[in-house]
Amino acid sequence: MSSDVLLQIRDLQIEGRAGEDWLPIIKGVNLTLKRGEVLGLIGESGAGKSTLGLAAMGFARDGCRISGGEINFDGIDLRTASERAKRNLRGQRIAYVAQSAAASFNPAHKLIDQYCEVPVLGGMSRSKAADEAVTLYRKMQLPDPEDIGFRYPHQVSGGQLQRAMTAMAMACHPDLIIFDEPTTALDVTTQIEVLAAIRDIVRDFNTAAIYITHDLAVVAQMADRIKILLRGDEVEEADTRAMLAAPKAEYTKSLWAVRSFTRPEQPPAEGAPLVSVQGVTAGYGKAQILHDVSFDIHPGRTVAVVGESGSGKSTVARVITGLLPPREGQVVFDGQPLPPDYRARTRDQLRQCQMIYQMADTALNPKLPLRELIGRPAQMYLGLKGRALDARVRDLLALIELEPDQYIDRLPSELSGGQKQRIGIARALAAEPRLIICDEVTSALDQIVQEGILKLLDRLQREFGLAYMFITHDLSTVRAIADDVVVMQLGRVVEQGPKPEMFTPPHAPYTDLLLSSVPEMDPDWLTRLLAAR
Amino acid sequence: MNVLIFLVLAIAASIPLSYAFRAGLVRVLPHEKALVARDMPLTAAFGIMVIGVYVIVAFAAPLLAPFPERAVVGSQFQPWDSTYLLGTDRLGRDMLSRLIYGARNTVGIAFATTALAFVVGALLGIWAALRGGWLDQLLSRFVDALMAIPSLIFSLLLLTIFGTSVLTLILVIAAVDATRVYRIARSVSQGVVVMDYIEAARLRGEGNWYLIRHEILPNALAPLVAEFGLRFCFVFLTISSLSFLGLGIQPPTADWGSMVRDNATLITFGDMTPLMPAGAIALLTVAVNFVVDWQLYRASGLKEQG
Amino acid sequence: MHAVLMMILQRLGLGILTLFVVSVVIFGATELLPGDLASSLLGQSATPETVAALRQQMGLDQPAPVRYWTWLTGVVQGDFGVSLATRRPISDMMSMRLGNTVFLALYAAAIAVPLSLVLGILAALWRNSLFDRVANAGALSAISFPEFFVAYILIFLLAQSGVFPSMVRISPAMGLTDKLYVTFLPALTLTLVVTAHMMRMTRAAIINLMASPYIEMARLKGVSPLRIVLRHALPNALAPIINVVALNLAYLITGVVVVEVVFVYPGLGQLMVDSVAKRDIAVVQAIALIFASAYVLLNLTADVLSTLTNPRLMRRK
């Protein structure tokens, strides 16, 4: 073993407790990391990437155990090392940056106190540690670096907390940092800043890192090498450029192929709109969320409403469905103004506009079988009963590509995430609506599953001439499925128009920022972008 | 020290017994339920076994008891012998028979009270969570005010006013406990009401009754069942305490709380017979608590996995 | 700081409002009395004239709000009216007993609070260990025991042999050591029952806290277990622990009633039970008000204290 190898993991096996039994989570993974090298760890949910990252620190969460293999960090065997020896490594030589900085900072202490804890335990004087903290805060481009440390976590924004956590991890100049999805919870425009700061500081300190993420484009910017995990097994490992250029394994190729689906372009909309949102202003209590929002949705077309968190895009959906009556303005459906409150709408008005939710887990009653979940709207709106109802439910299941006999009596808990989302679609279809509002329907799903859902929605749209309102923060989804785009920021429509127009300059400044912030599968994208800005 | 030795022996005996009971359950039950039974802790098996015995005793009391409930059959405070297995009480009634009938009276009344408190409290709680707005505020503030008075104290106050009969006892305790059930039911339902599937059902145009029956109740059931167990323990202990204080179930009805009170003088003479009805109360409460604890653990474990 | 002061004032205001509502409920409950207080007091043999005379004497001929106001202003000045059974001023009957009850409750609390916090924290730290399982099963059993069962077992074990007295006779002249000695059994009974509750709740609160991501972060920073508990968990555990303690001290209030009866302890609880048996509504009303006020004040104190320990509330954005 050459001395520039920092971390060596061989045939690692980790098990997790399931009741009385232990089930494998990591099934014999090897990993080698040189000093100063950044390894990207890619996988979908349940691939075991966080578990592997923590194991690199000799750590297993409660309910998990390392059951085989070896973990060697710079000549120290982490499987046999004493707890005390491992404690001395952690924080000092191996540091960790968690996904949710907001939950991982202790709410009871100031940021700088939490920063200083490890250096002071390591023997540094408190004032020196505090001075270094300010230097690092400045390096991480935190605003007001002199004072920000004296705030409590809840007084600092999410993107800033994530950078403060990276600074904290850097405190003792560790040899290795584990980044566990550090930007997943952030908006795209915030993500850029954090990515840039992390990349620079890791390079400046020549720190080795394991960068865990599910986002290929992000890892392309950050990692020298990429390792791909699937259900606890290693699929493939290669240099970043080599892997992007020529993925070998089938699974890797399928990951790459995800972004290939695009709905064929449609001619611009003509004729009367199905839904017209006219000058809507709305809010809760004193807070005004929407300001004078107007746009149209035409039959058979998909309008994507795009924006970051706090843009008011979901609130628009609540106004259209009647959950939040607007203060000013109105929603016109097929030429008729809709009553502002859903309770005042007729059953037929309710039927024509259906909704699909982001989290299928909370959108489907876990105690009802699919037969009732899908059948209820058909029974209620169309008066179907007995045989006819049963046949209709079976048709709908076939329509969403689930085998009726096999699935009709299942509960939602017996389905995968993607299948649950398909049930949400079937439930909406059962009402035979003309408009379906899709609220971030793919953002909780793995990329391959997303693809399937988007294709299904596209097919259904062509088959039934449905109009979609697609609420999303993800511009690649917009590229794939939209006909028209509405960009929102802070409760206002910034720009709107047909998709081809929206994706060619000139843009409104915010649209420009949003578009340019979406990571691309090009290792030089971030460098170029930062140079251009 | 007899009591300690007795307790140690009882615990030592109950371990193999619960073990055998659990093994028996695994054999008898259909496959799926047998799996659940196999994984249940010994304490829960013990709890189920004890509850089963109490239920049998309560239903079969006239068959099991050697003497009638209220008849004076011997002289006062007779010691244990072959006729009066546990001796007689201060009026000369058979202790064992009264202990057996007590299962019927004390447990039955506590169960009826809990059920009443539950129907009223849970329905109001779910309704308040579903409706929200001023109705919810009004009900909740009213319940808050009632709950600012400790429950035993409030029960004592109400019993002073309405007098002590079994009916008033049931109504008073049920009313006081319904406030606690309301709180739980409301908070559990609020957790359900914010779910998207409720919003979806509302947007579909479903009525309140459908929402309660099909959407809320099935999802609120597990915590409510656990709460029913806990509430039962609480009501059972409250009624026993009131009877012990002479303010609950009135003589000549055989009841465990008042049996302790009536015969307490024996304890200072070193006779442990009066501890038996108290022990009977404790044993049932322990059993129910063990089962509830297991159910709560199961519910939380399932949630973590899902 | 200004916002916190406002919040505390708000809580105090709410507390006073609750007290007011409680007094209305307690007073109003007696209005539900079937028939008339005076006729039920005089019994079957009373003539209409004597009833009318008593009604006037008791002020029953006045409308309810007026009577409530008279009662409330009296209570605020320490005048609870006269007992229906003995015709003695209620405040005289209660003064000694109130002190005794408070003494017993504090005695029990002084043992139970530190004991249960230590046991609860240890059980949480050594989760699923033998200690945790035994402590848990023990606590669950103790919760399930009626207070009088615990009391009689203790009498059976400790008083029968003459180590401690089973009936408590105390006088104001007694020294503190003697007083602690004679009230040991009732205090121990209360301690056992309350400790079980408090231990379980402390354990649950700590386990909940130890599952937070920031505790995992501290472990991944290489912080020692002791330091994790003291520096990372404890500051955040204060609020839940304060609430657990308050809840259980409030529980002492009701526990005291039964225990006082068992040990013939001259406290408020015993007086209340006697008065319920005699249907002396005036005394029951007064004692219920005192117990309820103590309960409200305890919860109020806990509320204010846990506000003060919460950095999120103390330092707004």
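Looking at heavy atoms from C-beta onward, B:Leu157 lies in side-chain contact with C:Ile281 at the 4.5 angstrom threshold. The closest side-chain heavy-atom distance from B:Phe154 to C:Val25 is below 4.5 Å. At least one side-chain heavy atom of B:Leu275 sits under 4.5 Å from a side-chain heavy atom of C:Phe149. Residues C:Val257 and B:Leu156 meet the side-chain proximity criterion, which asks for heavy atoms closer than 4.5 Å.
Contact of B:Leu283 with chain C is not made at all, since no heavy-atom distance falls under 4.5 Å. If you measure heavy-atom distances from B:Leu247 to chain C, the contacts under 4.5 Å come from the side chain alone. For chain C, the nearby part of B:Met147 is the backbone; its heavy atoms alone come within less than 4.5 Å. When heavy atoms are compared at a cutoff of 4.5 Å, B:Ile153 approaches chain C by way of both its backbone and its side chain. Within the 4.5 angstrom heavy-atom criterion, only side-chain atoms of C:Arg200, from C-beta onward, approach chain B. Looking at B:Asp144, neither its backbone nor its side chain comes within 4.5 Å of chain C, counting heavy atoms on both sides. Looking at B:Thr43, neither its backbone nor its side chain comes within 4.5 Å of chain C, counting heavy atoms on both sides.
Atom CG of B:Leu284 sits about 9.5 Å away from atom OG of C:Ser144, to the nearest 0.5 Å. Residue C:Phe291 holds its CZ atom at 13.0 Å from CD1 of B:Ile149, rounded to the nearest 0.5 Å. Rounding to the nearest 0.5 angstrom, the gap separating the OH atom in C:Tyr295 from the OG atom in B:Ser151 is 7.5 Å. To the nearest 0.5 angstrom, C:Glu147 atom CD is 8.0 Å from B:Leu152 atom CG. Here the CZ-CD1 distance, from B:Phe234 to C:Ile143, works out to 11.0 Å after rounding to the nearest 0.5 Å.
No more than 12 heavy-atom neighbours from other residues, nucleotides or ligands sit within 6.0 angstrom of CZ on B:Phe142.
Shown are B:Leu159, B:Leu158, B:Thr160; of these, the side chain to side chain contact (heavy atoms under 4.5 Å, CB included) with C:Val284 is made only by B:Thr160.
Between C:Phe148 and B:Phe244, the ring planes lie parallel to each other; the angle is under 30°, not in the 30° to 60° tilted range.
Listed options C:Leu17, C:Val273, C:Ile26, C:Leu140 were ranked by heavy-atom pairs under 4.5 angstrom with chain B; first place goes to C:Leu140. Note on B:Ala145, B:Ser241, B:Gly246: by heavy-atom pairs under 4.5 Å with chain C, the leading option is B:Ser241. Ranking C:Val258, C:Ile287, C:Val21, C:Asp280 against chain B, the residue ahead of the rest is C:Val258, based on heavy-atom pairs under 4.5 Å. Residue with the most contacts toward chain B among C:Val22, C:Val150, C:Val296: C:Val22 (heavy-atom pairs, distance under 4.5 Å). With respect to chain C, the highest number of heavy-atom pairs below 4.5 Å among B:Cys233, B:Gly257, B:Gly163 belongs to B:Gly163.
Between B:Pro150 and C:Ala292, the closest heavy-atom pair is CD-CA, 3.9 Å. Of all non-hydrogen atoms in C:Ser141 and B:Val286, the two that sit nearest each other are CA-CG2, 3.9 Å.
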